[in-house]
Amino acid sequence: MRTRGFLIMAKGVVPVQEKYQFSAVEEKWQKKWEEEKPYEARSNQGQKYYCLEMFPYPSGRLHMGHVRNYSIGDVVARFHRMQGDNVIHPMGWDAFGLPAENAAIKHGIHPAEWTWQNIDHMRAQMKRLGLSYDWSREVASCAPEYYRWTQWFFLQLYKKGLAYKKKAAVNWCPSCATVLANEQVVDGRCERCDTEVTRTDLEQWFFKITDYADKLLANLEKLTGWPDKVKIMQENWIGRSEGVEAFFKTENGLPLPVFTTRPDTIYGVTYMVVAPEHPVVDELIKGTPNEAVVRRFIAEVRAQDDITRTSTETEKKGIFSGAYAINPVNGAKIPIWLANYVLASYGTGAVMGVPAHDQRDFEFARKYGLPVVVVIQPLDRELDAAAMREAYVDEGRLVRSGRFDGMENLAAIREIGRYMEEKGVGKRTVNYRLRDWLVSRQRYWGAPIPIVYCPECGTVPVPEKDLPVLLPRDVEFTPHGESPLAKSESFVNTTCPHCGGPARRETDTMDTFVCSSWYFARYTDASNRDLPFAKAEADYWLPVDQYIGGVEHAILHLMYARFFTMVMHDLGLLETEEPFTNLLTQGMVLMEGSKMSKSRGNIVDPDEIVNTYGADTARLFILFAAPPERDLEWSEQGVEGSYRFLSRVWRLVADLEPRIGTAPDDSRSGKVAQAGTGGDLPRSARDLRRQTHLTIKKVSEDISQRFNFNTAISSIMELVNAAYLYKDRVPVEEQVPGVLRELVETLLLLLAPFAPHLTEELWHELGNARSIHGMPWPRYDPAALAAEEVTIVVQVNGKVRDRLTVPIEIDPEELKEMALGMEKVREFIGGKSVGNVVVVPKKLVNIVAR
RNA sequence: GCGAGGGUGGCGGAACUGGCAGACGCACUAGACUUAGGAUCUAGCGGGCAACCGUGGGGGUUCAAAUCCCCCCCUUCGCACCA
């Protein structure tokens, strides 16, 4: 508009700028932002705001879920910048992982090369979306400068005893002679060679997250900025339960403790069950007549994969071990069984069977003809063990329980626990469902675990000064599935850091969740070469003020990141104990009701949308179509609607620009035009001005308090509609340019976080010199909000019959009289007598007539 | 089975503490401008001729219920033998 060129078109002379040319505008500003780097976080000063979206796996291309995630984050970041906050808004790459290795096997491309190519492509896509990242802080977890510190953290955990090695069951393919991840097992078979997968034990590394179970649980209460849904999921995952460990023993005196939350039922124990994997089993069955049968049973159970094994659908199967145990409270001799439904990994791996009061035990006992002994009687009836069809699990009074007879069972839970402790036959304990975190992966494309095995010195950590343990590049990716690291002689063979003798490296790499458990801290000091990050930087920026990502990470990633933050805190690396103050879990992007996926073929490529409609349109649509937490149904027509709206904004400004003028001078840059507030304005201008300020209020609240971008956008649309009406319907001589200018500038400011390119362009067209994205967020003028009149709804018996426009401060009595006097109202009252009249000031009058 | 969401026009969704149900947008219908329109603008748009009826169904509280209470149905997600 400043440089007014003209195109001769078929229709005549049309100013070029009357059409919204998104591609030129978007390219222009992206180039400018690339050069001037306006989104780099400033040094540690001012009110900080850390806005973070979960970093992506560099799969190759962005999908709509990414676009949604980053659009939400970008609005939040830009909004806070305009609030004057010192915003850090970084991006990086969760770059280790299996797909890179599969690409290597399938296409012969090295995982590193494949990954870095993908990163370059996706970074370019992000830039085309106009996302305001501070690229100077970019990290990639597969870069040695990054995974060096992932390894460093492993060593810190090892030193604190939080990293340890133990045998654990894994999926094993006998044909490939390798370990398989759960997702590589399809219907119990190897995804590559279709061989039946077996279970085997392997030495694997674990992180002792269970040490933090209590804190992970207790701190949830403090996370008031997290959705309840996520907190509940984590709470269930941690699964704290209080109970008693009862010191049962076998007949021969072998200890066989059990964990129970129901010590009140301990007199009703009629048998005991141990997990087939329980270490005591060997001893129990050795030399007994049924040893062979039992061993066959164990092999059978162990062949089941975890999913079948732990499903409630699976039939409960068991076998008598041949041995007996003694109940420590009453000396009863009870048979010891083995069963598939008892888990070796929870509690003590053994349970007491109380069929009368536990449904699983009941089913098991009925199936195998084990006795049922009632020890809790309900208050309202008498249970008969022989006639029971299901376990009685509710409250009642104890019977057949020695000195506890007659006690209410809730009291007995406490009393029996205490009694067992006194007698030394048990202790009150807490158990967790949460297991230690298995971090070993038998893969190439991950951070190598920095450990060396020396025949002389045993397990030796790699000294910190020798980090990183680099991934060798020259390895072979054959479709055998075996970890390439194990076959790389140059990698495996090393010297012991301790004695200098020949030694072998650990060939497992770390779970990628380890990499993503601390990246948010690395961003605060991303190029530090001496430390993962400086404490001062971390303490300034952390915790993350707003974290945004998919709900699929509600448990694992978010729990691991919390655990790591607690460990980092305990290592003295940072002050905060919790990494994320506020969490927003966004919904999925759907098409025709189901998740977009390649196999379904219902993918919409972000590039195509950006090419056709521009980034601003894509962002606007995805934010407008649904509130962020809900699933979003993709609609091409909806996208067009958003494009139409932006064009409408463009035309509005292009149309008005000659009338509302360029800024008189640059000195007022930084201030939005202020229209006069006085009563000297015509009514039409006052009304328009009120709507401008109401919109400021509404948009500000929708963004900052509710994250309801859809309603924020709709109120901006209403403002645009009002501006058109004013422009086209109010006589030109009555129109007030100052009010229009205020509206237009406000409109652009409010829209700037959503459509950063278009608003920047128009902002400059209006004669403003500085970037709109560095402008302060508009504030509403309370005086402008005040309306002099208000429309009152008049109801008779709760049904709307008419409306009334009255001065805003009208006396309620007067309002009531006016309402009663209305023609339509009288009609509906008819012959009935008027009873109560409810007057709600500024809203309605309801006349009750009987 | 347990836990947490959700159910509002043809569609996506509004309605914040009980106070005009359907904002905003899409689709659709009619018209204007036009050589043309998949551009733009104008008007209409829950159902019913109407009285009225309408927020998954049924009951209740209230002057007033999408919103609060009770019962039920459907649906999405998470966990799923944790003793």
Side-chain angles (χ1 to χ4, degrees), chain A residues 10-11 19 227-237 239-241 243 258-262 265 273 307 309-316 339-343 345-354 358-361 363-364 431-435 551-552 554-555 587-588 590 593 620-621 624-627 629-642 644-645 647-648 651 698 701-702 705-706 708 710-718 720-721 724 728 791-803 835-840 842-850:
Chain A
K11 282 298 296 161
K19 189 160 186 322
D228 289 339
K229 175 174 59 168
V230 174
K231 286 190 280 189
I232 289 165
M233 277 194 239
Q234 293 213 349
E235 195 180 318
N236 293 340
W237 191 258
R240 181 190 148 100
S241 55
V258 301
F259 174 74
T260 178
T261 55
R262 294 291 304 273
T265 65
V273 194
I307 316 234
R309 169 80 182 275
T310 58
S311 161
T312 34
E313 308 298 311
T314 308
E315 199 192 358
K316 292 172 183 41
N340 59 349
Y341 74 92
V342 175
L343 307 171
S345 51
Y346 183 78
T348 62
V351 300
M352 59 189 211
V354 187
D358 181 285
Q359 188 56 29
R360 292 158 306 184
D361 296 346
E363 285 164 28
F364 192 77
N431 252 290
Y432 297 94
R433 219 190 71 111
L434 181 72
R435 308 289 149 81
V551 73
E552 64 273 20
I555 297 174
M588 288 186 298
L590 309 177
L620 191 76
F621 168 72
F624 177 63
E629 306 235 16
R630 280 221 235 163
D631 287 349
L632 180 153
E633 177 69 29
W634 185 264
S635 150
E636 184 85 16
Q637 284 165 333
V639 177
E640 277 184 45
S642 293
R644 270 206 288 275
F645 168 68
S647 303
R648 219 164 125 75
R651 283 196 310 273
K698 168 96 174 124
E701 287 168 0
D702 281 353
Q705 291 166 26
R706 310 198 309 162
N708 279 7
N710 55 332
T711 51
I713 293 166
S714 76
S715 63
I716 296 174
M717 288 172 169
E718 287 178 88
V720 171
N721 292 344
Y724 268 97
D728 297 334
T791 301
I792 302 286
V793 167
V794 182
Q795 300 179 330
V796 178
N797 289 333
K799 287 185 178 127
V800 181
R801 296 306 182 188
D802 209 346
R803 291 181 168 76
N836 198 16
V837 178
V838 181
V839 178
V840 183
K842 296 179 197 176
K843 286 222 169 87
L844 61 66
V845 177
N846 187 15
I847 297 157
V848 185
R850 299 260 174 256

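Convention: sequence-line order gives letters A, B, ...; per-chain numbering from 1. As the structure is a prediction and not an experimental result, all values here were calculated from the model. In what follows, every heavy atom counts, from backbone to side chain, and hydrogens, waters and symmetry copies are set aside.
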*Asp728(A): salt bridge (charged side-chain N to carboxylate O under 4.0 Å, His left out) partners, not counting sequence neighbours*: none
_Pairing donors with acceptors under 3.5 angstrom, does anything connect the side chains of Asn431(A) and Ser241(A)?_
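Their side chains do not contain a donor-acceptor pair, so the 3.5 Å distance test is not met.
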Which atom of [X] lies closest to which atom of [Y], heavy atoms considered:
| X | Y | result |
| --- | --- | --- |
| Ala554(A) | Gln234(A) | O-NE2, 2.9 Å |
| Asp361(A) | Val354(A) | OD2-N, 2.9 Å |
| Ile792(A) | Leu844(A) | CG2-CA, 3.7 Å |
| Thr348(A) | Phe259(A) | OG1-N, 3.8 Å |

*Between Gly798(A) and Ser714(A), who's closer to the 5' end of RNA chain B by nearest nucleotide?*
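By nearest-heavy-atom nucleotide position, the 5'-most residue is Ser714(A).
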*asked:* Nearest heavy atom decides the nucleotide; on that basis, is Asn708(A) or Gly347(A) closer to the 5' end of RNA chain B?
replied: Asn708(A)
Contacts under 3.5 Å, N or O only, protein and nucleotides 5-12 of chain B:
| unit_1 | atom_1 | unit_2 | atom_2 | d |
| --- | --- | --- | --- | --- |
| rG12(B) | O2' | Ala625(A) | O | 2.6 |

_Whether the side chain of Arg360(A) and the base of rC82(B) hold a donor-acceptor pair under 3.5 Å is what I'd like checked._
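Under the 3.5 Å cut-off, the side chain and the base do not form any donor-acceptor pair.
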Out of [options], which has the shortest distance to the side chain of [X]?
| X | options | value |
| --- | --- | --- |
| Asn340(A) | rC24(B), rA83(B), rC81(B) | rC81(B) |
| Val838(A) | rG19(B), rC20(B), rC52(B) | rG19(B) |
| Glu718(A) | rC24(B), rC52(B), rA21(B) | rC24(B) |
| Lys799(A) | rC53(B), rC81(B), rC24(B) | rC53(B) |
| Trp237(A) | rA83(B), rA80(B), rC82(B) | rA80(B) |

With rounding to the closest Å, how many angstrom separate the [atom1] atoms on [N] and [M]?
| N | M | atom1 | answer |
| --- | --- | --- | --- |
| rC11(B) | rG22(B) | C1' | 13 Å |
| rC53(B) | rA66(B) | P | 13 Å |
| rG3(B) | rG12(B) | P | 29 Å |
| rA51(B) | rG5(B) | C1' | 40 Å |
| rG6(B) | rG13(B) | P | 13 Å |

_Checking the side chain of Asp631(A) only, and the main-chain atoms of Met588(A) only, is there a donor and an acceptor separated by less than 3.5 Å?_
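Side chain of Asp631(A) to backbone of Met588(A), a donor-acceptor pair under 3.5 Å: yes, one is there.
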Any side-chain heavy-atom pair from [X] and [Y] closer than 4.5 angstrom?
| X | Y | value |
| --- | --- | --- |
| Val838(A) | Val840(A) | yes |
| Val551(A) | Met233(A) | yes |
| Lys799(A) | Asn797(A) | no |
| Arg801(A) | Val794(A) | no |
| Ile716(A) | Lys698(A) | no |
| Arg433(A) | Asn236(A) | no |

What contact category does [X] fall into here, base, sugar-phosphate, or nothing, at under 4.0 angstrom with non-hydrogen atoms?
| X | result |
| --- | --- |
| Val551(A) | nothing |
| Val840(A) | base |
| Thr711(A) | sugar-phosphate |
| Asn710(A) | sugar-phosphate |
| Ile232(A) | sugar-phosphate |
| Gly239(A) | nothing |

*Distance under 6.0 Å and angle within 45° of ring axis: Arg648(A) vs Tyr724(A)*: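 Verdict for Tyr724(A): a cation-pi partner in Arg648(A).
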Give each protein N/O atom lying under 3.5 Å from an N/O atom of nucleotides 16-18 of chain B, with the pair distance.
| unit_1 | atom_1 | unit_2 | atom_2 | d |
| --- | --- | --- | --- | --- |
| rC16(B) | N4 | Lys698(A) | NZ | 3.4 |

*With sequence neighbours left out, what residues match Tyr341(A) under ring-ring contact (aromatic ring centres under 6.0 Å, His included)?*
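Result, ring-ring contact (aromatic ring centres under 6.0 Å, His included) vs Tyr341(A): Phe364(A).
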*So, Lys316(A) and Glu363(A), do they make that salt bridge, N to O below 4.0 Å?*
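Result for this pair is yes, salt bridge flagged.
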*Phosphate OP1/OP2 of rG25(B): any Asn721(A) side-chain N/O under 4.0 Å*: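 For rG25(B), OP1 or OP2 has a side-chain N or O of Asn721(A) closer than 4.0 Å.
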*Give a yes/no on whether any side-chain N or O of Ser241(A) is located under 4.0 angstrom from OP1 or OP2 of rA83(B).*
yes
_Generate the contact string for nucleotides 37-44 of chain B. Rules: B means base contact, S means sugar-phosphate contact only, - means no protein heavy atom under 4.0 Å._
--SSSSS-
*Write down the distance between CG (Asn236(A)) and P (rC79(B)), rounded to a whole number of angstrom.*
10 Å
*For RNA chain B, list all stems, counting runs of three or more consecutive pairs where every pair is Watson-Crick or G-U wobble with both distances under 3.5 Å.*
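When the pairs of RNA chain B are grouped into runs of at least three, the stems are B:1-7 with B:73-79, B:10-12 with B:24-26, B:28-32 with B:40-44, B:56-60 with B:68-72.
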*Would you call rG9(B) syn or anti, using the 90° rule around 0?*
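Syn.
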